[in-house]
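All values below were derived from every heavy atom in this structure, side-chain atoms included, with hydrogens, water molecules and symmetry-related copies excluded.
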Amino acid sequence: MDALELQINITQNALTDFLDLDEGVSKVLGVKVDSSAFMDYENGRLLLVYGHVDYTLPSTETINSPFQVFLEKGEKGQSWSLVRPSFIANGSSRVWKSYALPIKS
C-alpha cells in the first residue's frame, strides 16, 4: 500500500506542477494483488506486482484502478523501495529511479 500511495502521489504531483493545479494528497483505501513475479534488471532483481487499488484523489470520489508496481528489496532484506522506469529525453533510453519506502515498526 505504501508503494502504491507513493506512486500515485508522485504522478499526481507531476501533473499538478505541469498543469498548475492546486496540490492535494491521495489516499490508498485498499489493495488486491492479482499476481507477482521477480524480474531481472540492470541493478539486480525487482518484484513486479499487479493488482487493483481503491484510492481517492483530492476532491474526488473513490477510484478503482488496475496497478503495476516495481519493488526492490533493500540490501539487508529489511526494507523495500519503489522503483520506477524513467525515460531520457530522446525517449529510447530508460533509467530506473528508486524511492525508499518507510520502515514501519
**Asked** Any side-chain heavy atom of Asp54 within less than 4.5 Å of one from Val28?
**Response** no

**Message:** Grouping I, L, V, M, F, W and Y whenever their side-chain heavy atoms are under 4.5 Å apart, do Val53 and Ile63 come out in a common cluster?
**Reply:** yes

**Prompt:** Is there a path from Tyr50 to Val33 through hydrophobic residues (I, L, V, M, F, W, Y) whose side chains come within less than 4.5 Å of each other?
**Reply:** no

**Asked** Are Leu71 and Leu101 close enough, and set up right, to give a side chain to side chain contact (heavy atoms under 4.5 Å, CB included), and what steps lead you there?
**Response** CA-CA 10 Å; Leu71 301 170; Leu101 295 173; 4.2 Å; yes

**Asked** If two hydrophobic side chains count as joined below 4.5 Å and joins carry through other members, does Val49 share a cluster with Phe38?
**Response** yes

**Request:** Verify whether one side chain among Asp34 and His52 offers a donor that lies under 3.5 Å from an acceptor in the other.
**Result:** yes

**Request:** Check the surroundings of atom CD in Glu75: do more than 12 heavy atoms from other residues, nucleotides or ligands lie under 6.0 Å from it?
**Result:** no

**Asked** So do the side chains of Tyr55 and Lys27 get within less than 4.5 Å of each other, counting heavy atoms only?
**Response** no

**Request:** May I have the step-by-step check of side chain to side chain contact (heavy atoms under 4.5 Å, CB included) for Arg84 and Thr11, ending in yes or no?
**Result:** CA-CA 11 Å; Arg84 295 181 54 165; Thr11 303; 3.5 Å; yes

**Request:** Indicate if Met1 and Val83 have the same hydrophobic cluster label, given that clusters are the connected sets of ILVMFWY residues with side-chain heavy-atom separations under 4.5 angstrom.
**Result:** no

**Item:** Distance-only polar pair, side chains of Tyr41 and Glu72, donor-acceptor under 3.5 Å
**Value:** yes

**Message:** Quick check: do Lys73 and Leu47 have side-chain heavy atoms less than 4.5 Å from each other?
**Reply:** no

**Prompt:** How about Phe70 and Met39: do any of their side-chain heavy atoms sit closer than 4.5 Å?
**Reply:** yes

**Prompt:** Between Tyr99 and Ser81, is any pair of side-chain heavy atoms under 4.5 Å apart?
**Reply:** no

**Request:** Please examine the side chains of Leu82 and Asp2, heavy atoms only from C-beta on, and report whether any two atoms are closer than 4.5 Å.
**Result:** no

**Message:** Run the side chain to side chain contact (heavy atoms under 4.5 Å, CB included) test on Trp96 and Leu46 for me, step by step, so that the C-alpha distance in whole Å, both residues' side-chain angles and the decisive distance to 0.1 Å come before the verdict.
**Reply:** CA-CA 11 Å; Trp96 294 87; Leu46 295 176; 3.8 Å; yes

**Shared hydrophobic cluster for Leu48 and Phe67 (ILVMFWY, side-chain gaps under 4.5 Å)** = no

